[in-house]
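A short write-up of the structure that comes next.
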Amino acid sequence: MTFKPLRKAVFPVGGMGTRFLPATKAMPKEMLPVVDRPLIQYAVDEALEAGIEQMIFVTARGKGALEDHFDIAYELEATMADRGKSLDALRNTRLKPGSPVYVRQQEPMGLGHAVWCARDIVGDEPFAVLLPDDFMVGKPGCLKQMVDAYNKVGGNLICAMEVTPEATEKYGIITPGGQDGALTEVRGLVEKPKAGTAPSNLAVIGRYVLQPEVMRVLETQETGAGGEIQLTDAMAKMVGNQPFHGVTFDGVRHDCGDKAGFIEANIAMAFARDDIGAKVKAFAASLLD
């Protein structure tokens, strides 16, 4: 059985990044670098690997640097070329004409509202959602793993990860059904249940493959946890009407919306680099002596 191909991805990048102030006072949090690439670049590279053709960025005021990052930098590129320097470092920062689309979310009303802002561009096609704060490291990448699963079962898929019972109140949690390898049937979703009340310890992490019908649900979605329009609540209404599965990610997730998680991601990625790994490891070891 074949399913409509996944060509579009939505990147909700309108958040203010208050947890990283003052660094994010004038710079979008999605431009914070992990070693030498901004978070948004890792997410876009992940989408490209999965075959995504159109990148839909839901932005807000003050996000101009993000748009510039995926544009041509004439002066920089010309200067580097004149000096005989390689432009390899800029690979994938220049997206194909027509590939990046930018839509503004005028008010911070939640993830569900941000996704809904992309409705006219998504149209009647399935689409992915990637949250750059969830920094996913794996081979193949997280979204590629999910697209491979989508091509087998269709419907809606969410990235799933086991968390401790105490941490369930931080996430959307899956009510699980049958399991087949990395695939878990989703029978229900609960947004940020209090500790001790969660239906499982399978948390929803920031990667989704959704059918366009979710936009019609979001159209009339009321506010939920935190007084925001929650994507999890809209997805929960679709469970039972369309196939719905969780895909357990084979890889490592770093929470780069958290300061400690962001630093951990930088250390882990630096350690894995051939050019700087040995030096950074030696420095880290010296701090522990």
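For the numbers below, each heavy atom of this structure counts, side chains included, while hydrogens, waters and symmetry mates do not.
With respect to the salt-bridge test (charged N to carboxylate O, under 4.0 angstrom), the residues Glu169 and Lys192 do not qualify. Using a cut-off of 4.0 Å between Lys/Arg side-chain N and Asp/Glu carboxylate O, Lys170 and Asp258 are scored as not salt-bridged. Taking 4.0 Å as the cut-off between side-chain N and carboxylate O, Glu46 and Lys144 do not count as a salt-bridged pair.
The environment of CG in Asp36 is crowded: more than 12 heavy-atom neighbours from other residues, nucleotides or ligands sit within 6.0 Å.
Between Gln145 and Asp250, the closest side-chain pair of non-hydrogen atoms falls below 4.5 Å. In this structure the side chain of Leu157 reaches within 4.5 angstrom of the side chain of Leu183, judged on heavy atoms. A heavy-atom distance below 4.5 Å is found between the side chains of Pro140 and Glu49. Between Lys237 and Val214 the shortest side-chain heavy-atom distance does not fall below 4.5 Å. Pro100 has its side chain within reach of Leu95: a pair of non-hydrogen atoms, C-beta onward, lies under 4.5 Å apart. When side chains are defined from C-beta on, Pro38 counts as touching His69, because their heavy atoms get closer than 4.5 Å. In this structure the side chain of Val122 reaches within 4.5 angstrom of the side chain of Ile56, judged on heavy atoms. In this structure the side chain of Asn201 never reaches within 4.5 angstrom of the side chain of Thr164, judged on heavy atoms.
A side-chain donor-acceptor contact under 3.5 Å links Asn266 to the backbone of Val35. With hydrogens and angles disregarded, no donor-acceptor distance shorter than 3.5 Å links the side chain of Asn156 to the backbone of Phe244. No donor-acceptor pair closer than 3.5 Å links the side chain of Lys29 to the backbone N or O of Ala23. The backbone N or O of Leu66 sits nowhere less than 3.5 Å from a side-chain atom of Glu30 that would complete a donor-acceptor pair. Of the possible polar contacts, none joining the Glu185 side chain to the Gly177 backbone as a donor-acceptor pair under 3.5 Å is found. Without hydrogens or angle criteria, Asp71 side chain to Glu67 main chain gives no donor-acceptor distance under 3.5 Å. Side-chain atoms of Arg119 come within 3.5 Å of backbone N or O of Trp116 as a donor-acceptor pair.
What you find for Gly15 and Lys63 is that their closest heavy atoms are O-NZ, 2.7 Å. For Gln41 against Phe70, the heavy-atom pair with the smallest separation is OE1-CE2, 3.6 Å. Residues Pro193 and Ala198 share a closest heavy-atom pair of CG-CB, 3.8 Å. Nearest heavy-atom pair across Thr24 and Gly17 is OG1-O, 2.6 Å. Smallest separation of non-hydrogen atoms from Ala114 and Pro12: CB-CB, 4.0 Å. The shortest non-hydrogen separation linking Pro28 to Ala65 is CD-CB, 4.0 Å.
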Margin query: Using side chain to side chain contact (heavy atoms under 4.5 Å, CB included), reason through Ile174 and Ile158 one step at a time and then give a plain yes or no.
Written below: CA-CA 10 Å; Ile174 294 171; Ile158 49 184; 3.9 Å; yes
Checklist line | Test log, rule side chain to side chain contact (heavy atoms under 4.5 Å, CB included), inputs Ile52 and Leu143 | finding: CA-CA 10 Å; Ile52 298 298; Leu143 189 60; 3.9 Å; yes
Item checked: side chain to side chain contact (heavy atoms under 4.5 Å, CB included) evaluation trace for Cys256 with Leu39 -> CA-CA 8 Å; Cys256 285; Leu39 284 168; 3.9 Å; yes
Next item on the list: Just do the side chain to side chain donor-acceptor pair (under 3.5 Å) check on Glu213 and Gln242 with the steps written out, would you?
Entry: CA-CA 10 Å; Glu213 286 79 9; Gln242 294 180 337; 3.1 Å; yes
Next item on the list: Apply side chain to side chain contact (heavy atoms under 4.5 Å, CB included) to the pair Phe57 and Val103, showing each step before the final yes or no.
Entry: CA-CA 6 Å; Phe57 300 94; Val103 180; over 6 Å; no
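In this structure, CZ on Phe135 lies 12.5 Å from CG on Asp255, to the nearest 0.5 angstrom. Rounded to the nearest 0.5 Å, atoms CD (Gln211) and CG (Asn241) are 12.5 Å apart. Rounding to the nearest 0.5 angstrom, the gap separating the OG atom in Ser200 from the CD atom in Glu162 is 9.0 Å. Atom CG of Leu90 sits about 8.5 Å away from atom CZ of Arg94, to the nearest 0.5 Å. Summarising the geometry, atom OH belonging to Tyr208 is positioned 5.5 Å from atom OG1 belonging to Thr232; distances are rounded to the nearest 0.5 Å. Rounding to the nearest 0.5 angstrom, the gap separating the CZ atom in Arg207 from the CG atom in Leu130 is 4.5 Å.
Placement of Leu231 and Val190 in two distinct hydrophobic clusters is found when ILVMFWY residues are connected by side-chain heavy-atom separations under 4.5 Å, directly or transitively. Ile263 and Met27 fall within a single hydrophobic cluster, where Ile, Leu, Val, Met, Phe, Trp and Tyr are joined by side-chain heavy atoms under 4.5 Å apart, directly or via other members. Connection of Leu87 to Leu48 is not established within any shared hydrophobic cluster, with ILVMFWY side chains joined at heavy-atom distances below 4.5 Å, either directly or through further cluster members. Phe262 and Met16 sit in two unconnected hydrophobic clusters of ILVMFWY residues. Membership requires side-chain heavy atoms under 4.5 Å apart, directly or through other members. Hydrophobic clustering (ILVMFWY, side-chain heavy atoms < 4.5 Å, transitive): Phe283 and Val34 are in distinct clusters.
With sequence neighbours excluded, the residues forming a salt bridge (charged side-chain N to carboxylate O under 4.0 Å, His left out) with Arg253 are Asp134, listed by chain and number.
Under a 4.5 Å side-chain heavy-atom cut-off, the cluster of Ile, Leu, Val, Met, Phe, Trp and Tyr residues that includes Val252 has no other member. Using a 4.5 Å cut-off between side-chain heavy atoms of Ile, Leu, Val, Met, Phe, Trp and Tyr, Ile205 falls into a hydrophobic cluster with Met136, Met161, Val163, Tyr171, Ile173, Phe249.
Tested against Glu53, the residues Arg7, Lys8, Lys96 include a single side chain to side chain donor-acceptor pair (under 3.5 Å) partner, Arg7.
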